[in-house]
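A quick write-up on the structure given underneath.
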Amino acid sequence: TGPPQIKIVASEHAHASIFRALSILGIGQRSVERVPTDGQGRILPSKLPTLDERTVLILQAGDVHTGQFDPFDQLCPVAQAAGAWVHVDGAFGLWAAASPKYRQLTRGMQRADSWSVDAHKTLNAPYDSGVVLCRHAEALAGAMKLSGAYVPYGDKRDNMAYVPEMSRRARAIELWAILRSLGKEGVAALVDQLCGHAQTLANRLRAAGFQIHNSVPFNQIVVSANNTAATEQVLSAIWQSGECWCGPSVWKGTPVIRISVCSWRTTEDDIGRTANAFEQALREAG
């Protein structure tokens with residue numbers, strides 16, 4: 001009650017989880033100023049509103065549709081000069097930093113104040129594996145830490161000082177096991193594999209007559225047929241074929257099919273079979 005008004009600045013294509021979090025926090029969606037983007041879903045630096053020390057600027061590392069990354073190297077210095085807090089929603093895209101081939105997408109991302117990433121996406125960890133990284137340990141602990149004579153803290157790291165819950169299961173063990181097993185080179189190879197498969201599939205679909213709406217910088221493909229009816233028929237046929245699963249969405253006002261290549265078990269043969277299913281579905285759609 002009565003705190004200073006916080007302004008949230010985010011992409012017009014910010015993920016729905018951002019707005020759910022704001023609702024839970026009581027900040028509300030009316031505090032959000034949405035910034036226009038280019039044709040690929042990246043925030044346009046020239047459209048950034050005035051920022052100040054009461055602003056949280058939310059950027060994306062991997063748009064949920066196009067897989068695109070906001071221009072961190074241009075946006076972060078502006079935010080820092082204004083005293084704003086920069087948060088990067090890197091649910092699956094943050095892992096691009098592990099790959100020598102794709103880490104240029106994250107250039108400037110290290111200048112943010114906080115980052116979120118999902119180990120379920122890209123690394124294929126079990127669900128319930130979200131991770132928050134915060135540059136300012138005191139700020140994070142100050143928001144989460146409990147006080148009371150019955151709550152003793154040790155001289156080592158007390159995990160409950162950094163999360164909302166006082167107790168939780170050791171969810172980090174699955175992620176630790178994956179990282180321990182893959183190592184840096186393994187994570188990089190996994191990222192390269194997923195992105196390579198996405199680019200191969202996009203090329204096949206483009207050659208077959210589909211419209212690819214994004215440049216496929218990461219593992220997401222936004223695709224449509226010549227018209228809405230044909231797009232819907234293709235998606236229905238894909239579901240019935242059982243070759244893969246992809247979902248319907250809307251991009252820039254156009255009904256599309258959203259494809260996310262995200263399983264470590266996906267092979268080149270799987271990509272070929274998926275492309276064949278799309279091609280067959282397009283022929284049947286006329």
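Taking a 6.0 Å sphere around CH2 of Trp264, one finds it holds 12 or fewer heavy atoms contributed by other residues, nucleotides or ligands. Within a 6.0 Å radius of NZ in Lys252, more than 12 heavy atoms belonging to other residues, nucleotides or ligands are found. More than 12 heavy-atom neighbours from other residues, nucleotides or ligands sit within 6.0 angstrom of CZ on Arg168. Atom CG of Asn226 sits in a sparse spot, with 12 or fewer heavy atoms from other residues, nucleotides or ligands closer than 6.0 Å. For Glu165, the CD atom is densely surrounded, since the number of other residues' heavy atoms within 6.0 Å is greater than 12. Counting non-hydrogen atoms of other residues, nucleotides and ligands closer than 6.0 Å to CD of Glu268 gives a total of 12 or fewer. For CZ of Arg157, the number of neighbouring non-hydrogen atoms (other residues, nucleotides, ligands) closer than 6.0 Å is greater than 12. Counted within 6.0 Å of CZ on Arg30, heavy atoms from surrounding residues, nucleotides or ligands total 12 or fewer; the atom is thus considered open.
In this structure, the side-chain contact (heavy atoms from CB on, under 4.5 Å) partners of Ala82, at least two apart in sequence or on a different chain, are Leu51. Here Gln193 pairs with His197 under the side-chain contact (heavy atoms from CB on, under 4.5 Å) rule; sequence neighbours left out. Residues forming a side-chain contact (heavy atoms from CB on, under 4.5 Å) with Ala98 (at least two apart in sequence, or on another chain): Val187.
Checking side-chain atoms of Asp63 against main-chain N and O of Thr66 turns up a donor-acceptor pair under 3.5 Å. The backbone N or O of Thr267 lies less than 3.5 Å from a partner atom in the side chain of Asp270, making a donor-acceptor pair. At distances below 3.5 Å, at least one donor-acceptor pair connects side-chain atoms of Ser99 with backbone N or O atoms of Tyr102. In terms of modelled atom types and a separation under 3.5 Å, the side chain of Asn219 and the main chain of Cys262 share no donor-acceptor contact.
Cluster annotation: Trp245 is connected to Leu235 through the hydrophobic network of ILVMFWY side chains, with a link wherever side-chain heavy atoms come within less than 4.5 Å. Hydrophobic clustering (side-chain heavy atoms under 4.5 Å, transitive across Ile, Leu, Val, Met, Phe, Trp, Tyr) keeps Val32 apart from Val64.
Residues Thr228 and Glu232 have side chains that never bring a donor and an acceptor to within less than 3.5 angstrom of each other.
Proximity of the aromatic rings of Trp251 and His213 is defined here by a centroid distance below 6.0 angstrom, and this criterion is not met.
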side-chain hydrogen bond (donor to acceptor under 3.5 Å, both in side chains) assessment of His87 paired with Ser114: CA-CA 5 Å; His87 174 73; Ser114 58; 2.8 Å; yes
